[in-house]
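The next block holds one structure in the form of structure tokens; read it before the comments.
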Amino acid sequence: MHPKDSLQDTAAWFGLLDQEQQTRVRHDVQFTHYTAGAMIERKGGQAYAWIGVHAGLVKVSVGNPEGKMASLTGVPVGGWIGEGSLLKHEARKYDVVALRDSVIARLPESTFNWLLDSSIPFNRYLLHQLNERVGQFIGKAEYDRLLAPDARVARCLAELFNPLLYPGKGEMRLDITQEEIGFLARTSRQRTNQALRALEDAQLLKVEYGAVQVLNLDGLKSYGQ
DNA sequence: TCATTAAATTGTT
DNA sequence: AACAATTTAATGA
């Protein structure tokens, strides 16, 4: 099946549009495949499109010339990012990297702005998303510094399962390897493995082969606090 | 459908 | 970081 036929599945806002708007979006959206580790957007680059994760898994990070990387966010299928740079007409503020083979959807800036002008539901959706992001960012400021690795892993997972930002069909299960979780939480794979089993003992989630299933999302959010 | 093999992921040191 | 064990995916009878 062609990717454009499944926009409905990976863009929660698509269903909010009327026929004309859907037609134009379907026509304007472009899909690009990235292999694991590939740089999707560079910090400093001009923002010309809204970025949607159609398949795979992506991380947002800000790297510095040293090995040090600042805090980052994972974005699973269904997540749309980069509207900040688009709205403010700025250069990209973060790097976007494919954690595994991924398909990225790009909605051109002109189309994005056209939707902003023509669709109230779309505006409402964006407002919702921005508000949710602020909350996430504030939470991150607290836990990022002085929290045990277990708690960092817990928070990273809680973010990935945010049902508002990433509507994964209400499914509390995500295909992600422990190595990938390690990249997001900035923990070694071994430490991630330990953390996951600690969280499993706490009945917060279930670890599966190449996937995790969340049992208690609120418990994850507040783990270690 | 089942058995065999390779590849990916996890568990342990 | 290296290695062993386990799970999944692919292949062919």
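The shown structure was predicted, so the numbers you read here are calculated from the model rather than taken from an experiment. Chain letters run A, B, ... following the sequence lines, proteins first and then strands; every chain starts at 1.
Not less than 6.0 angstrom separates the ring centroid of A:Phe112 from the ring centroid of A:Trp13.
Following rounding to the nearest Å, A:Phe183 (CZ) and B:dT9 (C1') show an atom-to-atom distance of 14 Å. The distance between atom CD1 of A:Ile181 and atom C1' of B:dT10, rounded to the nearest whole Å, is 12 Å. At whole-Å resolution of the value, CD in A:Gln194 and C1' in B:dT13 are 12 Å apart. Between A:Asp101 atom CG and B:dA8 atom P the separation is 11 Å, expressed in whole Å. With rounding to whole Å, A:Gln190 atom CD is found 8 Å from C:dA1 atom C1'. Rounded to whole Å, atom P of B:dT9 lies 14 Å from atom CG of A:Leu174. Rounded to an integer number of Å, the gap from CD of A:Glu208 to C1' of B:dG11 is 17 Å.
Side chains of A:Glu132 and A:Asn162: a donor on one and an acceptor on the other come within 3.5 Å. Looking at A:Asn193 and A:Arg189, their side chains never bring a donor and an acceptor atom within 3.5 Å of each other.
OP1 or OP2 of B:dG11 lies within a sub-4.0 Å distance of a side-chain N or O belonging to A:Gln178.
Judged as a salt bridge (Lys or Arg N to Asp or Glu O under 4.0 Å), the pairs with a partner in residues 78-92 of chain A (not counting sequence neighbours) are, in order, A:Glu41-A:Arg92, A:Glu83-A:Arg133, A:Lys88-A:Glu90.
Relative to the six-membered ring of A:Trp50, A:Arg106 misses at least one condition, a distance below 6.0 Å or an angle of at most 45° to the axis.
With sequence neighbours excluded, no residue forms a salt bridge (Lys or Arg N to Asp or Glu O under 4.0 Å) with A:Arg124.
Here A:Arg197 lies in heavy-atom contact (under 4.0 Å) with sugar-phosphate atoms only.
Comparing B:dT13, C:dC3, B:dT9 against the side chain of A:Arg189 picks out C:dC3 as the nearest.
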Under 3.5 Å, which protein N or O atoms sit close to an N or O of nucleotides 5-9 of chain C? Give each pair with its distance.
| unit_1 | atom_1 | unit_2 | atom_2 | d |
| --- | --- | --- | --- | --- |
| C:dT7 | O2 | A:Tyr209 | OH | 3.1 |

